[in-house]
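Given the structure is predicted, the values throughout are model-derived calculations rather than measurements.
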Amino acid sequence: GVWRQTRALLFKNCLIKCRTKKSSVQEVLFPLFFLFWLILMSMMHPHRKYDEVDNTNLGPLDTTMLVNFVIGYTPPTRAAREIMKKVAFDHFEDDIITEEYLSEEELQEASAFKSSKFVGVVFKDDMSYQLRFPDSIAMSSIYMESR
């Protein structure tokens, strides 16, 4: 029955391994080689353990970097205007300039001609947006849809 079939299969596999020594050795040595390589790489770049940082008061925000900072946004909907008003006037007063654009194309053209202190905000709806920096797009890490 089952024991005879198992024994015959085991004997057949042993014969195959004995007859194909090169591939049998490769089956054993390649994983060991890669394991050695991984251990070597981990030893060359050891993990750094950082100490715990206590909670500290970081003080007020340095707004000197935000002087003449331009935030352009599109589309100019009521919700977008309220959000941008809250960002610009409630938190940073006169340091940030907000500009609204009618389309994404206008926003991209403006970002090409503005300084490096320009950030574009494209509102997809009332709850989601994309940030557009000069020559790049930053997306949320939870944004799963393909570009």
Query raised in the report: Aromatic rings F34 and F30: how do their planes relate, parallel, tilted or perpendicular, breaks at 30° and 60°?
Result: tilted
Query - L9-L15 co-clustered via ILVMFWY side chain contacts under 4.5 Å - result: no
Query raised in the report: Hey, any chance L32 and V25 share a hydrophobic cluster, counting ILVMFWY side chains that come within less than 4.5 Å of each other, even indirectly?
Result: yes
Report task. Assess whether salt bridge (Lys or Arg N to Asp or Glu O under 4.0 Å) is satisfied between E82 and R78, documenting all intermediate values. Result -> CA-CA 6 Å; E82 287 179 17; R78 185 180 62 81; 2.7 Å; yes
Query raised in the report: Is L102 close to P75 at the side-chain level, that is, under 4.5 Å between some pair of heavy atoms?
Result: no
Query raised in the report: Would you call L131 and V121 a side-chain contact if the rule is heavy atoms closer than 4.5 Å?
Result: yes
So, taking the atom named [atom1] in [X] and the one named [atom2] in [Y], what distance separates them when rounded to the nearest 0.5 Å?
{"X": "I83", "Y": "F123", "atom1": "CD1", "atom2": "CZ", "answer": "4.5 Å"}
{"X": "M44", "Y": "I39", "atom1": "CE", "atom2": "CD1", "answer": "14.0 Å"}
{"X": "S103", "Y": "E106", "atom1": "OG", "atom2": "CD", "answer": "4.0 Å"}
{"X": "F11", "Y": "I16", "atom1": "CZ", "atom2": "CD1", "answer": "11.0 Å"}

Main-chain N/O of [Y] paired to [X] side chain as donor or acceptor, under 3.5 Å:
{"X": "T77", "Y": "A80", "result": "yes"}
{"X": "T98", "Y": "I71", "result": "no"}
{"X": "T6", "Y": "V2", "result": "yes"}
{"X": "T74", "Y": "V122", "result": "no"}

Requested in this report: State, to 0.1 Å, how close L107 and Y73 come at their nearest heavy-atom pair, and which atoms those are.
Outcome: CD1-N, 4.1 Å
Requested in this report: Locate the shortest heavy-atom distance separating A110 from Y101; write the atom from each residue and the value.
Outcome: CB-OH, 3.3 Å
Query raised in the report: Of E105, E109, E104, which is the lone residue that meets salt bridge (charged side-chain N to carboxylate O under 4.0 Å, His left out) with R132?
Result: E104
Query raised in the report: Could you go step by step and tell me if E100 and M84 meet the side chain to side chain contact (heavy atoms under 4.5 Å, CB included) rule?
Result: CA-CA 9 Å; E100 64 181 44; M84 297 311 292; over 6 Å; no
Report task. Could you tell me whether the side chains of R7 and Q5 share a donor-acceptor contact shorter than 3.5 Å? Result -> no
